[in-house]
Amino acid sequence: MTAATVPAPASVPAPAPAPASAPRRRSRVRTAVGVVLTALMLFPVYWMINVSLTPQQDMRKDPPDLFPLHPTFQGYQAVLNDQLPYLLTSLLIGLGTVALTLAVSAPAAYALAKLRPRGGGVLGMVLLIAQMIPGIVMAMGFYGIFLNFGLMNSWWGLIIADSTIAVPFGVMIFTAFMSGIPDELTAAALIDGAGSIRTFWSVVLPVSRNALVTVSLFSFLWAWSDFVFANTLDSGGSMQPITLGIYRYIGNNNQEWNAIMATAVVASIPAALLLVLAQRYVAAGVTAGAVKD
Amino acid sequence: MTTARADRLQRSPATSRATPAGTDGPAESAGPAQPADPGARARGRRQRRRSQLIAWGFVAPLVAYLAAFYVYPLYRNLDLSLHHYTVRSFVDNDAPFSGWANYSQVLHDPTFWPAMRNTMVFTLVSILLQYTAGLALAVFFNRGFRLSGTLRALFLVPWLLPLIVSSSTWAWMLNSESGVVNYGLHLVGVGPVDWLTSPNWALTSVIIANIWIGIPFNLVILYSGLQNIPGELYEAASLDGAGSWQQFRRITFPLLRPVSAITLLLGLVYTLKVFDLIWIMTKGGPGNASSTLATWSYRFGFGSLLPQFGPGAAVGNILILIALVFGLFYIRVQRRQAA
């Protein structure tokens, strides 16, 4: 569709625009089209922000206000009053999930990439399959286990459950990355008398910084966004994550959409930060597992 | 065991590890050197055993983790599906064995086929449209223009937002009375649609929201696939007088086929298990109009005051089976490409 609308015979997919004036004009048209498409795509996000600032009495206005002409911060006030504990719990669960995911996946990936354990191939296969298991099935299994062992409604139980989303992904990212570390580097460490653990800790891990960031980002984001596990395993807990906070809001006060959307805006902050601060890691994470160079 | 054989055994994980994430092990040939005399061979064997031990020491936490937090829950789920559980027997853990009764109950439930049909429609329509939109956008962004990098990054937003955020936003946008979508339709002269409350539209509504969430994923993967197509091909084609559409049909699309296959299959596996979105927007309703296997399974187990864990687990296991069929197909395609 796009290919047809742009009448460019010389469409060399080079990122740098050519100095000639005709291509420059074409580039400007493309920028305009790109801005419009992006605006369309992000309209729901804009709408979320707009509704979060709309006063309660205007909520059901017809036609709706397309811009927050009379912005109110009632919604955000409600977030501060009601949702702060939920946000802190989510932060705690997110960080815990990152720690657990890194602790389990990085050493294993080091072995898979560099030490070549027998049966490593089978393990890789198991991890691939693990990623395909629906969360709802895992949730039901965990529900049974947690109930029997009295782990229900605990924040650290939720950390365990949330980490299952991230661990297979983490192992695969780390393995791919660590495979690219030159063998000379680890060999040199061994010659210098470092054991495998030292080599892993002070040579391999520092070099794998990019993979560390990618895995941390995604495990945090997934734990932060998790709803299935939270709703099945922690819906009666004293510490509940923000996803449940929003869900409660929707269920309880069906009418206060500015408060609901304000919470949604606040719950989106980690994603927004990620995009601003760590964009290339995000793209790397999405692409990993799908494309082979 | 001869050294050569040990060699091959040690190397085989590395080769089959040709992982999804790219980059093969760098030094395939850097296996252990072949020792000349028998003494050295024995020493080598000892050393290898030691290094195997170390390697498994590093892997052990992962294996224990997978056993405790993947295998055990799945086993528990299977166990649930084969017993007649109630809340009481759930706590006491003494539910009577019921064989395939839960499965047969589920298969004969009047909801089964609608849920199956909805799952298929939801999955296929979603991935097809996500893929088409993602590909069009990838081709567009691949042309490179000012701001293209920034705009492409902004396109990731829907994918990064927590599902509850996007789902509730869409739910409000699609609200029958005060939703902005109906207002937009009103502006172009179309009457209001009961998006979430009419059985005819509920499934469409959740599909629309799901497509919106899935486009970024397709865009990013297909874009990086496009970047691997050498620019000279397009130059040569345009010298030969091929237009944009020709270039897309003869160069882009065929060369992108491996990446497309992976994207579609991965999308299939991911979309099959979508639960949050549908549950938050419609709870599978009205009636079963937007119930999929995932939401149906959840409704059995947690959706009512009288949980039916057995049938819920049975539906979940059926869902796993379907996901695995496509998943294994995905792994096959990927292995073939890696080879």
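So that the names make sense, note that chain A is the first sequence line, chain B the second, and so on, each numbered from 1.
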* To do: Provide the closest heavy-atom pair for A/Ser235 versus A/Leu244 in the form atom of the first, atom of the second, distance.
  => CA-CD1, 4.0 Å
* Asked: Most heavy-atom pairs under 4.5 angstrom with chain B, which of A/Val29, A/Thr31, A/Val104, A/Leu147?
  -> A/Thr31
* Which portion of B/Leu233 sits near chain A, non-hydrogen atoms under 4.5 angstrom -> neither
* Structure fact -> Ranking B/Thr252, B/Ile164, B/Asn182, B/Asn317 by heavy-atom pairs under 4.5 Å to chain A gives rank one to B/Ile164
* To do: Side chain from CB out, backbone as N, CA, C, O: work out which of these in B/Tyr75 comes under 4.5 Å of a heavy atom of chain A, or both, or neither.
  => neither
* Checking A/Pro270 against chain B: side chain, backbone, both or neither under 4.5 Å from a heavy atom? -> neither
* Pairing residues for B/Phe58 by the ring-ring contact (aromatic ring centres under 6.0 Å, His included) criterion, not counting sequence neighbours -> A/Tyr110, A/Phe200
* Side chain, backbone, both or neither: which part of B/Asn175 has an atom under 4.5 Å from a heavy atom of chain A? -> side chain
* Select, from A/Leu274, A/Leu100, A/Asn231, A/Ile242, the one with the greatest count of heavy-atom pairs under 4.5 Å involving chain B. => A/Asn231
* Structure fact -> Checked A/Met41, A/Arg28, A/Met48, A/Gln131 vs chain B; the most non-hydrogen pairs under 4.5 Å come from A/Met41
* Could you tell me how the ring of B/Trp212 sits relative to the ring of B/Trp170: parallel (under 30°), tilted (30 to 60°) or perpendicular (over 60°)? => perpendicular
* Give the member of B/His186, B/Arg76, B/Glu177 that has the highest number of heavy-atom pairs under 4.5 Å with chain A. => B/Arg76
* **ring-ring contact (aromatic ring centres under 6.0 Å, His included) against B/Tyr70, all qualifying residues, sequence neighbours excluded** => none
* Asked: Checking B/Leu151 against chain A: side chain, backbone, both or neither under 4.5 Å from a heavy atom?
  -> both
* In terms of heavy-atom pairs under 4.5 Å with chain B, which of A/Val35, A/Ile133, A/Val45 leads? -> A/Ile133
* At their closest point, which heavy atom of A/Trp257 faces which heavy atom of A/Val51, and how far apart are they? -> O-CG1, 3.9 Å
* Around A/Tyr46, counting heavy atoms of other residues, nucleotides and ligands shown, do more than 12 lie under 6.0 Å from its OH? -> yes
* What is the distance from atom CH2 of B/Trp172 to atom OG of B/Ser178, rounded to the nearest 0.5 Å? -> 4.0 Å
* Give the intermediate values and the outcome of side chain to side chain contact (heavy atoms under 4.5 Å, CB included) for residues B/Ile213 and B/Leu161. => CA-CA 9 Å; B/Ile213 292 165; B/Leu161 289 183; over 6 Å; no
* Name the region of A/Leu221, side chain, backbone, both or neither, that has any atom closer than 4.5 Å to a heavy atom of chain B. => side chain
* Asked: Highest number of heavy-atom pairs under 4.5 Å with chain B: which of A/Gly144, A/Ala111, A/Ala271?
  -> A/Gly144
* So which of B/Gly301, B/Gly312, B/Gly149 has the biggest tally of heavy-atom pairs under 4.5 Å with chain A? -> B/Gly312
* Using a distance-only test with no angle check, is there a side-chain donor-acceptor pair under 3.5 angstrom linking B/Tyr65 and A/Ser163? -> yes
* B/Trp279 side chain to A/Tyr247 side chain, donor-acceptor N/O pair below 3.5 angstrom -> yes
* To do: Sort B/Leu324 into side chain, backbone, both or neither according to what part of it lies under 4.5 angstrom from a heavy atom of chain A.
  => side chain
* To do: On the 0 to 90° scale, with breaks at 30° and 60°, tag the B/Trp245-B/Phe248 ring pair as parallel, tilted or perpendicular.
  => parallel
* To do: Below 4.5 Å from any heavy atom of chain B, which atoms of A/Met261 appear? Answer side chain, backbone, both or neither.
  => side chain
* To do: Could you have a look at B/Leu272, B/Leu53, B/Asp276 and say which one has the most heavy-atom pairs with chain A under 4.5 angstrom?
  => B/Asp276
* To do: Tell me, for B/Leu147 versus chain A, whether the close heavy atoms (under 4.5 Å) come from the side chain, the backbone, both or neither.
  => side chain
* Partner chain A: residue of B/Ile215, B/Leu163, B/Leu74, B/Thr150 with the largest heavy-atom pair count (under 4.5 Å) -> B/Leu74
* So with a 6.0 Å cut-off around CD1 of A/Ile197, is the heavy-atom count from everything else above 12? -> no
* Greatest number of heavy atom pairs closer than 4.5 Å to chain A - which of B/Pro258, B/Gly327, B/Pro61 -> B/Gly327
* Structure fact -> So, the part of B/Phe69 with a heavy atom under 4.5 Å from chain A: the answer is both
* Structure fact -> Looking only at heavy atoms, the pair that brings B/Phe275 and B/Ala294 closest together is CD1-O, 4.0 Å
* Given a strict heavy-atom distance threshold of 4.5 Å, which part of B/Tyr223 is in contact with chain A: side chain, backbone, both, or neither? -> neither
* Contact summary for A/Asp65 and A/Asn50, nearest pair of heavy atoms -> O-ND2, 3.0 Å
* Looking at A/Phe146, A/Phe142, A/Phe43, which one has more heavy-atom pairs under 4.5 Å with chain B than the rest? -> A/Phe142
